[in-house]
Amino acid sequence: MKIATWNVNSLKVRLPHLLQWLAANPIDVLCIQETKLTDDKFPVAAINEAGYEVVFSGQKTYNGVAILSRLPIADVVRNNPHYQDEQQRLIAATIGGVRFICAYVPNGQAVGSDKYAYKMGWLAALRTWVGAELEIHEQFAILGDYNIAPEDRDVHDPELWAGQIHCSDLEREQLRELCGLGLVDAFRLFEQPEKQYSWWDYRQMAFRRNRGLRIDHILLSQALAKRCEACVIDREPRKWEQPSDHTPVIATLL
DNA sequence: ATGGCGCAATGGTTGCGA
């Protein structure tokens with residue numbers, strides 16, 4: 001079973017990329033973020049034709065998440081039951097005996113801003129929900145755009161980014177505490193090449209210069225981590241015409 | 001230090017992302 005996460009930065013623009021990528025990669029469950037579509041505009045038919053069921057929770061202009069699956073999708077929950085939020089950033093479902101959460105963590109904009117405070121409160125509430133889910137589901141995975149680079153090795157220029165948004169101590173602490181519930185970063189279960197990132201700024205040829213951040217993650221429960229055989233970042237779609245600024249992360253499970 | 005780029009809503013320009 002292959003599972004993946006990808007922030008598509010507008011599904012309207014990126015639907016061809018998504019379909020092309022799925023045609024070339026045998027993904028069973030894909031969590032996507034930043035669909036930026038209201039539910040009435042979601043391209044269900046095109047995704048069904050590609051062989052996937054899909055559930056989604058969207059809104060106009062910003063945010064929006066979805067889970068695509070080759071296997072039947074059950075027990076769908078939209079948003080965090082422990083947190084009142086007008087922004088559509090979370091959707092959960094059970095697929096193939098695994099409980100999945102697809103997450104689009106708030107960006108936070110700048111340390112100390114209102115949006116940063118929202119990010120912190122949102123992450124604290126997420127932890128409450130994930131803790132409750134882990135009580136129920138031994139096989140659990142939360143995939144998404146966390147907007148947090150866990151460590152300096154996940155940052156192209158740690159000095160430039162020191163203390164900045166995505167890299168601040170409080171954000172990293174939030175991620176550590178989330179993992180403290182009993183989750184592991186699938187990417188770090190394996191030896192990886194250096195300078196592996198999942199996002200690069202559109203500007204200043206950041207991708208070509210590999211000036212990126214690793215902010216998209218697949219976190220697995222202990223039981224699911226035992227089934228994990230590989231985790232890779234697929235840079236290919238970032239090379240295509242009109243790419244998303246993020247690229248997919250894939251985990252292979254036994 | 002700032003802006004660069006891209007997307008959305010818009011109908012010129014702004015908000016936001018990361």
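Just so it is clear: chains get the letters A, B, ... in the order the sequence lines come, proteins before strands, and each one is counted from 1. Bear in mind that the values here come from a model prediction, so they are computed numbers and not experimental data.
Note: A/Tyr197 and A/His156 have perpendicular aromatic rings, judged against thresholds of 30 and 60 degrees for the angle between ring planes.
In terms of position on DNA chain B, the residue among A/Lys12 and A/Gly108 whose nearest nucleotide sits closer to the 5' end is A/Lys12. Nearer the 5' end of DNA chain B, as judged by each residue's closest nucleotide, is the contact made by A/Gln204, out of A/Lys60 and A/Gln204.
Between the base of B/dA18 and the side chain of A/Asn107 there is a donor-acceptor pair shorter than 3.5 Å.
Rounded to whole Å, the P atom of B/dC16 lies 16 Å from the corresponding atom of B/dG3. Nucleotides B/dA18 and B/dT14, compared at atom P, are 22 Å apart to the nearest Å. For the P atoms, the distance linking B/dG11 with B/dT2 amounts to 30 Å, nearest Å.
Interatomic distance, A/Leu175 CG to A/Asp185 CG, rounded to the nearest 0.5 Å: 7.5 Å.
Side-chain atoms of A/Trp199 and A/Asp245 include a donor-acceptor pair closer than 3.5 Å.
One interatomic measurement links the two molecules: NE2 of A/His166 to P of B/dC16, which rounds to 15 Å at whole-angstrom precision. Counting to the nearest Å, the C1' atom of B/dG15 and the CD atom of A/Gln109 are 9 Å from each other. Atom CZ of A/Arg238 is separated from atom C1' of B/dC5 by 10 Å (rounded to the nearest Å).
Both tests hold for A/Arg89 against A/Tyr104: distance to the six-membered ring centre under 6.0 Å, angle to the ring axis within 45°.
Of the candidates B/dC5, B/dA18, B/dA8, B/dA18 carries the atom nearest the A/Leu213 side chain, counting heavy atoms from C-beta on. Distances from the side chain of A/Arg89 to the nucleotides B/dC7, B/dG17, B/dA18 place B/dG17 closest. Comparing B/dA8, B/dC16, B/dA18 by their nearest atom to the side chain of A/Tyr104 picks out B/dA18. Checking B/dG15, B/dG6, B/dA8 against the side-chain heavy atoms of A/Tyr62 singles out B/dG15 as nearest.
Residue contacts for A/Phe207: at a heavy-atom cut-off of 4.0 Å it reaches no nucleic acid atom on any strand shown. Using a 4.0 Å heavy-atom distance criterion, A/Arg211 is classed as making no nucleic acid contact. Counting non-hydrogen atoms under 4.0 angstrom, A/Asp216 reaches nothing in the nucleic acid.
An OP1 or OP2 oxygen of B/dC16 is reached within less than 4.0 angstrom by no side-chain nitrogen or oxygen of A/Asn9. Residue A/Arg203 places none of its side-chain N or O atoms closer than 4.0 Å to OP1 or OP2 of B/dG17. The side chain of A/Lys115 places an N or O atom within less than 4.0 Å of a non-bridging phosphate oxygen (OP1 or OP2) of B/dC16. Between A/Gln242 and the phosphate of B/dC7, there is a side-chain N or O to OP1/OP2 separation shorter than 4.0 Å. Dashed line: the shortest gap from a side-chain N or O of A/Ser10 to OP1 or OP2 of B/dA8 is under 4.0 Å.
Considering only residues two or more places apart in sequence or on other chains, A/Phe207 meets the ring pair (Phe, Tyr, Trp, His ring centres under 6.0 Å) condition with A/Trp200.
Between A/Gln33 and the choices A/Thr5, A/Asn147, A/Asn9, the side-chain hydrogen bond (donor to acceptor under 3.5 Å, both in side chains) rule is met once, by A/Thr5.
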